[in-house]
Q: 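Have a look at this one before I ask anything.
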Amino acid sequence: MEERYQWAKAQYEALGVRVEEALEKLKEVPISVHCWQGDDVLGFENRGEALSGGIQTTGNYPGRARNFSELTADFQKAMSLTPGKKRINLHASYAMFEPGEEADRNALLPRHFAKWIAFAKENGYGVDFNPTFFSHPMVTDNLTLSSPKEEVRRFWVEHGICCRRISSAIAEELQSPVLCNVWIPDGYKDIPADRLGPRERLKKSLDEIFAERLPGVIDCVESKVFGIGMESYTVGSSEFYLSYAASHPGVYDLLDNGHYHPTEMVSDKIPSLLAFFDKVPLHVTRPVRWDSDHVVLFEDELREIAKEIVRNQALERVLIGLDFFDASINRVAAWVVGVRSMEKALLYALLQPSEEMKRLQDEMDFTALMALNERLKTMPFGDVWDCYCQRQGVPGEGEWLEQARTYEREVLLHREG
Ligand code: RNT
Ligand code: ZN
């Protein structure tokens, strides 16, 4: 292994890439890992509500986590098989109550997340947070913050306010900022008669939610193009939220790479936003024909996203979060593949001679740039990756699956019935 690494390192260094520096940088980049891959986005409320909001998990692979101890055990198993620094991304629907206690979404308090905060502290994870505007009876006709029914709109504004306060309390407790991301499903199946009215109501709702200055909270809004059952119109469109964020200092525009038309690339949007915003939050996912939230793989667009983050020195400005949910395979393995893919893409990007490539572009030498780009594709990347995994004390590519399988046999498969 050491020999292979030294040889690979020499190849990269010949191109002017500083490999040790790349490894040092990579281990400090936090990846916010979504808790919802472990339980198919169901949460802990047990109201018997199915997943709604135009998003879907498909598959019934055995072993879904059903409660806090199962979900956190699975999360920890997955994290032990992945290198790098982690945060945990929570949804309000993962609130926890004392026996006999209950609080609806518009009455949630920081103490309902005390166990999560303790878990994050114990493991040195930062926390990110999401209000849950779906899978709830107050989502009426697929509408929340843009509803024409004032009591519905109000309920969800209150939910947004609770969640920002919870985020601030978590930030205070952990002495570390919390990203609080507003995504709503609101939209219409068929051609609307009024496209502006709902957006004006959403704007008013957001103003109400963001009115309070709350320390430690990084606010953001997540747009989307369509949802299942809401194919014709999405209230929170890209233009809507981008304009909202641009005109509201302190509110950022989150880019989910499953939320655009298929030939629109988030890798190209990142540098556009970096020109205007000091932070760009991401939801990294893998859309297959639609916003299907497949497990993130080490693919072209993921590499391109990572390159835009790295070569623009934006590792601290782009807040990387994962967002996928596959119920058709081992859920722990799904997490492992997704996190490892993100880490691989960042390493791949860190191993590019970016300055040299920019120079070639500025000198209009697109021939040399093309040749160099192609050369990079067959460089001994895997040897550097294996070394990184080893130094991080996590299994290599050929080893982690067996450990996930053992966990499946010993733990996950005993959950049925
Ligand atoms: C839905 C959005 C949203 C959700 C999570 C569960 O299309 O991507 O981010 O996936 O909040
Ligand atoms: Zn998302």
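Indexing begins at 1, ligand by ligand and atom by atom, following the structure's order. Along the sequence shown, residues carry numbers from 1.
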Q: Pick from Arg199, Glu200, Arg195: which one makes a side chain to side chain contact (heavy atoms under 4.5 Å, CB included) with Val235?
A: Arg199
Q: Mind checking whether Phe44 and Trp116 have parallel, tilted or perpendicular rings, split at 30° and 60°?
A: parallel
Q: How would you list, by chain and number, every residue that makes a side chain to side chain donor-acceptor pair (under 3.5 Å) with Arg164, sequence neighbours excluded?
A: Asp219
Q: Salt bridge between Asp74 and Arg415, side-chain N to carboxylate O under 4.0 Å?
A: yes
Q: Using the six-membered ring wherever Trp is involved, compare the ring planes of His34 and Trp36 and label them parallel, tilted or perpendicular (cut-offs 30° and 60°).
A: perpendicular
Q: Relative to the Zn ion (ligand 2), how many protein N, O or S atoms have a separation of less than 2.8 Å?
A: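 Excluding waters, the total comes to 4.
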Q: Could you list all the side chain to side chain donor-acceptor pair (under 3.5 Å) pairs where at least one residue sits in residues 40-53, not counting sequence neighbours?
A: Asp40-Arg331, Glu45-Arg47, Glu45-Arg105, Arg47-Asp104
Q: When the ring planes of His159 and Trp156 are compared, do they come out parallel, tilted or perpendicular, using 30° and 60° as the limits?
A: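 Perpendicular, since the angle between the ring planes exceeds 60°.
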Q: Starting from the N and O atoms of ligand 1, find every protein N or O within less than 3.5 Å and list the pair with its distance.
A:
from, atom 1, to, atom 2, distance (Å)
ligand 1, 7 (O), Lys224, NZ, 2.6
ligand 1, 7 (O), His259, NE2, 2.9
ligand 1, 7 (O), Asp291, OD2, 3.2
ligand 1, 8 (O), Glu222, OE2, 3.0
ligand 1, 8 (O), Asp256, OD2, 3.0
ligand 1, 8 (O), His259, NE2, 3.1
ligand 1, 8 (O), Asp323, OD2, 2.8
ligand 1, 9 (O), Glu222, OE1, 2.8
ligand 1, 9 (O), Glu222, OE2, 3.1
ligand 1, 9 (O), His283, ND1, 3.2
ligand 1, 9 (O), Asp323, OD2, 3.1
ligand 1, 10 (O), Asp323, OD1, 3.1
ligand 1, 10 (O), Asp323, OD2, 2.8
ligand 1, 11 (O), His91, NE2, 2.7

Q: Decide, yes or no, whether a salt bridge links Lys377 with Glu374 under the criterion of side-chain N to carboxylate O below 4.0 Å.
A: yes
Q: So which of Phe113, Tyr94, Trp183 actually passes ring-ring contact (aromatic ring centres under 6.0 Å, His included) with Phe129?
A: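 Checked Phe113, Tyr94, Trp183 against Phe129; only one passes ring-ring contact (aromatic ring centres under 6.0 Å, His included): Phe113.
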